[in-house]
S.K.: 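One structure coming up, written as C-alpha cells, with questions to follow.
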Amino acid sequence: NFVRNGSGWCIERTNYLDMKVYRCRSIPNVRGHSSGVQFELPECLKNKHAVLNLINIPHGGICFKYAVLAALHYRDLPRGGSRQNARNYDQWMDSVKWDGLQFPVTASQMKTFHRHNPNLAVNMLLYLPRDDEGRDNEVPIRSIYQPDGMWEPGMKTVVSILAVMVRHERKVECHFLPVTSINRLLNHHGKQVRGIRCERCFLPFRTETILEEHRAACYQGKQVTVCP
C-alpha cells in the first residue's frame, strides 16, 4: 500500500545518505559467442541459478535470438538439459519477428526489435563483475536497455536477457543469456529481498497485481519511489 498509495509519513531528518552513481553502459560492438559450446559461467552467476547457459547455438552471432526465445519458452520444455539446448527453441523461431536486425545485435537495435514486436518487452541487462579499475562491483548487474511506451495489464510479455562479457580467442566478447529469475539474479552478497522485483527499475513488490499496476507508470518513465 505504501508504494501504491503513499504512506502519509513525513521525514523529520536524514541521518545518513550513501549515494552511488553509475554510468549507463551500452554495448556498441557485440560479438556473439555462438561457437555451439557452453562457455564457463562466472561462479557468482552459476550459484544464483537465475540464467540458462545455452549450448548448440549456431554460428553467426545469433545468441540474441536464442536468449529471447529461451526466456519466452523455457517453461514449455521439461526441466533438465533440454532447456539448455538452443536447438529445442527452433520451433518458436517464427513466432518472433527479427526484421531489421543486424547480427550480432547491439543495444542500439532494441528499438527496431520492439517496433516489429509490440507485444514483447525485452529488458537488456549487463553483468559486470569488476569495474574499470579491476575492483569487484558492489552491484554487478546493470540495465543497458529498457523498453518504454504505453502499458496495459496483459498487453505485453515481459522477459529479460543478460549480457555477459567473455574472453574468446584473445577478444572480449558479449554473450546473451536468458534470465529465468530476476529476483535471484539481483540478490547479492547473500541478501534476499522479499517481494517480486520489477524487471525495469528493480524495485520489489508484494504481489503480481501490485507489480502489474506499477508497470503502467514504470514503462512510461513515471514511476515514483515512496518512502518508507
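All residue numbers in this chain count up from 1 along the given sequence.
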S.K.: Rounded to the nearest 0.5 Å, what's the gap from CG on Leu52 to OH on Tyr66? Could you check?
M.R.: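 Interatomic distance, Leu52 CG to Tyr66 OH, rounded to 0.5 Å: 15.0 Å.
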
S.K.: Do Thr209 and Thr207 have a side chain donor and acceptor closer than 3.5 Å?
M.R.: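 No, because no side-chain N or O of Thr209 sits under 3.5 Å from a partner of the opposite role on Thr207.
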
S.K.: Take His73 and Asn88 through the test side-chain contact (heavy atoms from CB on, under 4.5 Å) and record every step on the way to the result.
M.R.: CA-CA 10 Å; His73 296 290; Asn88 288 334; over 6 Å; no

S.K.: Less than 4.5 Å apart, side chain to side chain, heavy atoms only: is that true for Arg215 and Val158?
M.R.: yes

S.K.: To the closest 0.5 Å, what do you measure between CE (Met93) and CD (Gln91)?
M.R.: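 Taking CE in Met93 and CD in Gln91, the distance rounds to 10.5 Å.
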
S.K.: Here's a test for you: under side chain to side chain contact (heavy atoms under 4.5 Å, CB included), which of Ile182, Ile161, Val51 qualifies with Leu125?
M.R.: Ile182

S.K.: Are Tyr74 and Tyr89 close enough that their ring centres sit under 6.0 Å apart?
M.R.: no

S.K.: Stepwise, does the side-chain contact (heavy atoms from CB on, under 4.5 Å) test hold for Leu162 with Leu185?
M.R.: CA-CA 10 Å; Leu162 180 67; Leu185 181 65; 3.9 Å; yes

S.K.: Cut-off 3.5 Å, side chains only: do Arg83 and Asn85 have a donor facing an acceptor?
M.R.: no

S.K.: Tell me whether the centres of the aromatic rings in Tyr145 and His114 are closer together than 6.0 Å.
M.R.: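 Yes, ring centres under 6.0 Å apart.
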
S.K.: Answer whether the closest heavy-atom distance between the side chains of Trp98 and Ile62 falls below 4.5 Å.
M.R.: no

S.K.: I'd like to know if the side chain of Asn183 and the backbone of Gly195 have a donor-acceptor N/O pair within less than 3.5 Å.
M.R.: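 Yes.
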
S.K.: Can you tell me how far apart CG (Asn15) and CD (Glu12) are? Round to the nearest 0.5 Å.
M.R.: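 These two atoms lie 9.5 Å from each other.
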
S.K.: So for atom NZ, which belongs to Lys97, do other residues, nucleotides or ligands contribute more than 12 heavy atoms lying within a distance under 6.0 Å?
M.R.: no

S.K.: Quick check: closest heavy atoms across Pro42 and Tyr127, and the distance to 0.1 Å?
M.R.: CG-CE2, 3.7 Å

S.K.: Judged by atom type as modelled, is there a donor-acceptor pair below 3.5 Å linking the side chain of Gln146 to the main-chain atoms of Arg200?
M.R.: yes

S.K.: Using every non-hydrogen atom in the two residues, find where Leu77 and Ser82 come nearest and quote the distance to one decimal.
M.R.: CD1-O, 3.7 Å

S.K.: For the CG atom on Asp94, are there more than 12 heavy atoms of other groups (residues, nucleotides or ligands in this structure) within a distance under 6.0 Å?
M.R.: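 No - once you tally the heavy atoms of other residues, nucleotides and ligands closer than 6.0 Å, there are 12 at most.
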
S.K.: If we ignore hydrogens and angles and just use 3.5 Å, is the side chain of Lys156 paired with the main-chain N or O of Pro118 as donor and acceptor?
M.R.: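 The answer is yes, because a donor-acceptor pair under 3.5 Å joins these two groups.
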
S.K.: Apply the test side-chain contact (heavy atoms from CB on, under 4.5 Å) to residues Leu211 and Cys198: give CA-CA distance (whole Å), side-chain angles for both, the deciding distance (0.1 Å), then the verdict.
M.R.: CA-CA 7 Å; Leu211 172 59; Cys198 172; 3.7 Å; yes

S.K.: Does Arg184 use its side chain to pair, donor to acceptor, with the backbone of His49 at less than 3.5 Å?
M.R.: yes

S.K.: Nearest 0.5 angstrom please: Ser95 OG to Leu69 CG, how far?
M.R.: 6.0 Å

S.K.: Which heavy atom of Glu199 sits nearest a heavy atom of Asn123, and at what distance?
M.R.: CG-ND2, 3.1 Å

S.K.: Angle class for the Phe176/Phe64 ring planes (parallel below 30°, perpendicular above 60°, tilted otherwise)?
M.R.: perpendicular

S.K.: Evaluate the criterion side-chain contact (heavy atoms from CB on, under 4.5 Å) for residue pair Val159 and Leu120; output intermediate values, then yes/no.
M.R.: CA-CA 8 Å; Val159 296; Leu120 297 179; over 6 Å; no

S.K.: Let me confirm one number: the CG-OG1 distance from Leu101 to Thr106, rounded to the nearest 0.5 Å.
M.R.: 9.0 Å

S.K.: For residues Leu177 and Leu54, determine if any side-chain heavy atom of one lies less than 4.5 Å from a side-chain heavy atom of the other.
M.R.: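 Not in contact.
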
S.K.: What closest approach, in Å, do Ser160 and Ala71 show between heavy atoms, and which atom pair accounts for it?
M.R.: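 So the two residues come closest at O-CB, 4.1 Å.
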
S.K.: Quick one: does any side-chain atom of Arg197 pair with a main-chain N or O of Phe202 as donor and acceptor, under 3.5 Å?
M.R.: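 The answer is yes, because a donor-acceptor pair under 3.5 Å joins these two groups.
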
S.K.: Would you check if Thr157 and Leu72 make a side-chain contact, meaning some heavy-atom pair closer than 4.5 Å?
M.R.: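 In contact.
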
S.K.: Quick check: closest heavy atoms across Gln84 and Asn53, and the distance to 0.1 Å?
M.R.: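 What the structure gives for the nearest pair is NE2-O, 3.5 Å.
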
S.K.: Do side-chain atoms of Trp92 reach the backbone of Ala70 as a donor and acceptor pair under 3.5 angstrom?
M.R.: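 Flag not set: sc Trp92 to bb Ala70 has no pair under 3.5 Å.
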
S.K.: Would you say Gln109's side chain and Gln102's backbone share a donor-acceptor pair under 3.5 angstrom?
M.R.: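 Yes, the answer is positive, given that a donor and an acceptor are paired below the 3.5 Å cut-off.
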
S.K.: Does Phe205 have its ring centroid less than 6.0 Å away from the ring centroid of His214?
M.R.: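 Close enough - the centres of the two rings lie under 6.0 Å apart.
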
